[in-house]
Novice: 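Okay, handing you the structure first.
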Number of protein chains: 2
Amino acid sequence: MTDPFPDPATPPARAARLPSAERHSQILDAAVEEFAGRGYAGARMAAVATRADVTKGLLYHYFPGGKVDLFKAAIESCVDPVLQEAERVSAGFQGSGHDLLAALLDLGYGRLASERREHILLRLLLTEADRFPELATLYRTAILEPSLALIGSVIRTGIAAGEFRAGAADEPGLAHVLMAPVVMGSIWRMTLGAEQAPALPMLRDAHLAFALRALAP
Amino acid sequence: MTDPFPDPATPPARAARLPSAERHSQILDAAVEEFAGRGYAGARMAAVATRADVTKGLLYHYFPGGKVDLFKAAIESCVDPVLQEAERVSAGFQGSGHDLLAALLDLGYGRLASERREHILLRLLLTEADRFPELATLYRTAILEPSLALIGSVIRTGIAAGEFRAGAADEPGLAHVLMAPVVMGSIWRMTLGAEQAPALPMLRDAHLAFALRALAP
DNA sequence: CTGCTTATTGACCATTTGGTCAACACCAAC
DNA sequence: GTTGGTGTTGACCAAATGGTCAATAAGCAG
């Protein structure tokens with residue numbers, strides 16, 4: 001039995017026409033959410049459309065390449081902001097290596113604590129990298145290597161100030177070891193949830209103390 | 001055009017009847033492979049069947065719960081072996097804290113290097129933990145906490161021998177920081193592939209040197 | 001050999017899902 | 001107002017996929 005009194009005041013509610021750029025980023029945001037929550041295979045185009053308050057067909061208007069296209073665009077939209085702040089902090093820093101290290105660890109653990117794009121990006125990279133080989137390269141060039149370089153410069157700052165042992169700058173793998181706990185902090189949080197995961201302040205303090213001892217002259 | 005001479009000597013090749021336990025683990029192995037390679041959502045039951053040289057229907061005979069059932073069984077089949085060897089090594093060890101630490105790092109980096117069940121398990125836990133909350137608990141109780149306990153005992157061994165600073169046993173988060181680089185080594189390898197990932201021997205050496213400095217009295 | 005149990009199959013089903021497309025509506029320019 | 005371009009829709013499709021089930025064959029006990 002159909003409604004005998006269809007409400008003429010509520011026609012099927014077509015979405016307002018939007019400037020191309022706005023819709024584009026609106027859809028992109030929805031896609032980031034959906035992919036983050038379900039992974040590539042689990043994500044549904046229809047769900048992306050719903051999140052963006054749009055119909056499925058429109059997705060293919062903005063991303064003609066379909067799901068893959070949308071996925072790559074979603075990932076790239078997360079890459080930019082990640083290291084910008086860290087590099088800004090480091091570049092303008094006037095102080096001891098000790099303080100710079102502390103500031104960067106604060107920043108790292110602090111940002112990873114909030115459920116932001118950094119977090120999502122990391123998850124998608126880990127989850128899908130083997131099915132999208134470009135992702136592996138993206139991770140290496142856009143995140144891993146800049147991070148290692150940043151750590152290297154911190155170490156050199158400390159050495160120049162006489163706070164750290166001179167040899168530290170030349171030990172291969174040291175930057176990796178120094179970086180690992182931060183990333184693991186994020187991964188634990190993502191895997192176990194904020195309640196079960198090790199507390200970030202505890203990790204930060206232990207990390208800092210550990211690093212300073214190992215870098216001492 | 002169909003074959004006018006169907007070969008009567010090759011009837012549809014029914015799989016040999018197997019003892020229940022064998023088929024069970026055969027299917028389980030296939031499932032582990034499939035889930036590891038494609039994640040839960042991406043894994044296809046038909047593919048599991050093919051890998052196991054069996055038809056789809058049989059999967060539901062052995063795992064009446066369907067895909068979820070099979071998935072959980074697959075994960076559980078990977079949990080057991082992970083820490084057994086490490087705890088065996090540690091338990092029977094007669095030597096300095098330094099040597100024990102070196103031996104365990106060797107073991108850790110060595111095993112993670114080979115694409116074995118430890119590796120697969122870690123990947124599945126990271127990938128699916130938020131969709132299967134039991135997995136988070138499983139990870140914490142079966143892997144994370146035993147690992148931390150193991151590290152704690154190593155530290156105490158070293159302290160007892162006078163090699164490590166006495167305070168080290170009581171610093172919360174220290175075990176986490178000590179463990180992180182090993183896990184990250186595995187994750188990098190899994191994400192970037194063996195070629196692009198940081199070399200494991202380099203990580204191990206840097207890790208050991210770093211830890212010994214930080215633990216020194 | 002006979003009959004019972006059960007491992008194994010292949011065909012089948014309902015649903016989901018990525019993707020397509022012709023029609024429609026909104027806006028700007030003329 | 002008319003026209004043209006395009007943002008937007010809803011209905012539709014083919015393929016893939018998880019799952020079911022009656023029929024079959026293999027082993028085993030009597």
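Computed from a predicted model, the values in this text were never measured in an experiment. Each chain gets a letter, A, B and so on, in the order its sequence line appears, and its residues count up from 1. Computed over heavy atoms, backbone and side chain alike; hydrogens, waters and symmetry mates excluded.
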Novice: Where the side chain of A:Tyr62 is concerned, which of C:dT8, D:dT8, D:dT9 is the nearest nucleotide?
Specialist: D:dT8

Novice: Checking B:Gln196 side chain against A:Arg140 main chain: does a donor-acceptor pair fall under 3.5 Å?
Specialist: no

Novice: To the nearest 0.5 Å, how far apart are CZ in B:Arg189 and CG in B:Leu200?
Specialist: 4.5 Å

Novice: Is the shortest distance from a Lys or Arg side-chain nitrogen in B:Asp29 or B:Arg51 to a carboxylate oxygen in the other one below 4.0 Å?
Specialist: no

Novice: For the pair B:Arg123 (side chain) and B:Ile187 (backbone), establish whether a donor and an acceptor sit closer than 3.5 Å, ignoring hydrogens and angles.
Specialist: no

Novice: If the cut-off is 4.0 Å, is A:His61 near the phosphate of D:dG7, judged by side-chain N/O to OP1 or OP2?
Specialist: yes

Novice: Could you check how far CD of A:Glu34 sits from C1' of C:dG18, rounded to whole Å?
Specialist: 13 Å

Novice: What is the distance, to the nearest angstrom, from the CG atom on A:Leu59 to the C1' atom on C:dC21?
Specialist: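 Taking CG of A:Leu59 and C1' of C:dC21, I get 15 Å after rounding.
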
Novice: Please determine if a side-chain N or O atom of B:Arg23 lies less than 4.0 Å away from the OP1 or OP2 oxygen of C:dA7.
Specialist: no

Novice: A:His24 has an atom NE2; how far is it from atom P of D:dT8, in whole Å?
Specialist: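 In whole Å, D:dT8 P and A:His24 NE2 are 13 Å from each other.
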
Novice: Hey, what are the protein-to-nucleotides 15-18 of chain D N/O distances that come in under 3.5 Å?
Specialist:
{"unit_1": "D:dG18", "atom_1": "OP1", "unit_2": "B:Ala43", "atom_2": "O", "d": "2.9"}
{"unit_1": "D:dG18", "atom_1": "OP1", "unit_2": "B:Lys67", "atom_2": "NZ", "d": "3.2"}
{"unit_1": "D:dG18", "atom_1": "OP2", "unit_2": "B:Met45", "atom_2": "N", "d": "3.0"}
{"unit_1": "D:dG18", "atom_1": "N7", "unit_2": "B:Lys56", "atom_2": "NZ", "d": "3.4"}

Novice: Is there a side-chain contact between B:His176 and A:Trp188, using heavy atoms and a 4.5 Å cut-off?
Specialist: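 Counting from C-beta outward, B:His176 and A:Trp188 do come under 4.5 Å.
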
Novice: Per the atom types in the model, does the base of C:dT6 pair as donor or acceptor with the side chain of B:Arg17 at under 3.5 Å?
Specialist: yes

Novice: Return the nearest nucleotide to the side chain of B:Thr55; candidates are C:dT8, C:dT9, D:dT8.
Specialist: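 Nearest to the side-chain atoms of B:Thr55, counting from C-beta on, is C:dT9.
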
Novice: Round to a whole Å and report the spacing from CG of B:Leu58 to P of D:dT24.
Specialist: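 In whole Å, D:dT24 P lies 18 Å from B:Leu58 CG.
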
Novice: Backbone N or O of A:Phe132 within a donor-acceptor pair of the A:Lys72 side chain at under 3.5 Å?
Specialist: no

